[in-house]
Amino acid sequence: MNFHIDNSDIPAGIKRPNKCTYKGNNIPSSDPLPSLQIPKFKIALCQLTVTSDKAMNLANARSMMEVAAEKGARLVVLPEMWVCPYANDYFAKCSEDLVVENSSPAFRLLSEVSSRLRITIVGGSLPEWSNGRLYNTCCVFGPDGELKAKHRKLHLFDYYAPGDVPFRESDFFSTGDKPTIVDTDVGRIGIGICHDIRFPELAMLYRARGADLIIFPGAFNMSTGELLWELEIKARAVDNQFFVAACSPSRDSTGSYTIWGHSMVVGPNGDIKTSSGHEEMIAIAEIDYSENQLQREIFPLQQLRKENIYQLLEPCAPKHFV
Ligand SMILES: NC(=O)CCC(=O)C(=O)O
């Protein structure tokens, strides 16, 4: 992927368009607009327990989203793989075709709940079946119940640590081929799914395109979870000076892949706004995008960048290091 990083900071006081309808995963053109006129709002991360019973998972997600909205959340987030366990045996049999009408109960649920409760939903991820392929896919719905964006996981999780249970998503899933950034009623949101968080270039691209917040539905495992989950969330937030939210299933979810949990929202200066433990719960935080702006004024990192010294994707011949 080759992209140009636009260094310009977001000018103050420009109003975002009220609405952005789904344009097939396209990044909005490079017209970074601030969300300073979006008042503070509450985000809720539903760290739900995923079982092998899909109907039960759907019902549980519905009731957690309802509780989140009752508590005042305008943006509700579900975890990676919330319709079925994060396990090879379930992906194909629980997959849904998001295009064929009435063939996706999860799609219908997210659309119905978002429009009834007038909330924006970042619908975690589910196994999507499309043209003979499986994808690990996140759908974003607006308060009108319309699909605003669809992100297919770009970086599949293939993991072989000695002594640990190996996991190869690429045996089952195909990769997405586009970054996803979407204008919503609660700001401009970049989407990544779990392992996508380990690729800082994606977050940098979202920053360059004016994102206020990145959301990662995720399901880190126990070893990398303890070492890296919080670190990666904070790093993406601090490097780019925006909010980052990551939502996981709870640890007691079904399957041999044990999940770290610890859903979290981190602010642009690296402070944890809310964090769950590993059990089923809803973590709620207030988001105020003026903190992004403030942080960018305190540390004007974008202005200090030395693009002439380090350029992304520039081949590094050994002579550069002598
Ligand atoms: N579901 C995932 O992509 C897991 C990623 C993970 O655990 C990591 O360490 O990266």
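In listed order, ligands and their atoms are each counted from 1.
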Atom indices of ligand 1, in the order listed, that fall short of 4.0 Å to a heavy atom of [X]:
{"X": "Tyr257", "result": "4 (C), 7 (O)"}
{"X": "Lys153", "result": "1 (N), 2 (C), 3 (O)"}
{"X": "Asn221", "result": "7 (O)"}
{"X": "Thr224", "result": "6 (C), 7 (O), 8 (C), 9 (O)"}
{"X": "Tyr86", "result": "1 (N), 2 (C), 3 (O)"}

Single hit among Tyr159, Tyr86, Tyr160 for ring-ring contact (aromatic ring centres under 6.0 Å, His included) with Phe167 | Tyr86

Of the options Phe157, Trp129, Phe91, which is the one that meets Phe173 in a ring-ring contact (aromatic ring centres under 6.0 Å, His included)?
-> Phe91

With a 4.5 Å heavy-atom cut-off, do Lys54 and Cys84 have their side chains touching?
-> no

Mind checking whether Lys153 and His195 have side chains closer than 4.5 Å, heavy atoms only?
-> yes

Would you say Glu169 has any N or O atom under 3.5 Å from an N or O of ligand 1, going by distance alone?
-> no

Which option out of Gly225, Pro217, Cys194 puts a heavy atom nearest to atom 4 (C) of ligand 1?
-> Cys194

Measure from the ring center of Phe41 to the ring center of Tyr289 and say whether it is less than 6.0 Å.
-> yes

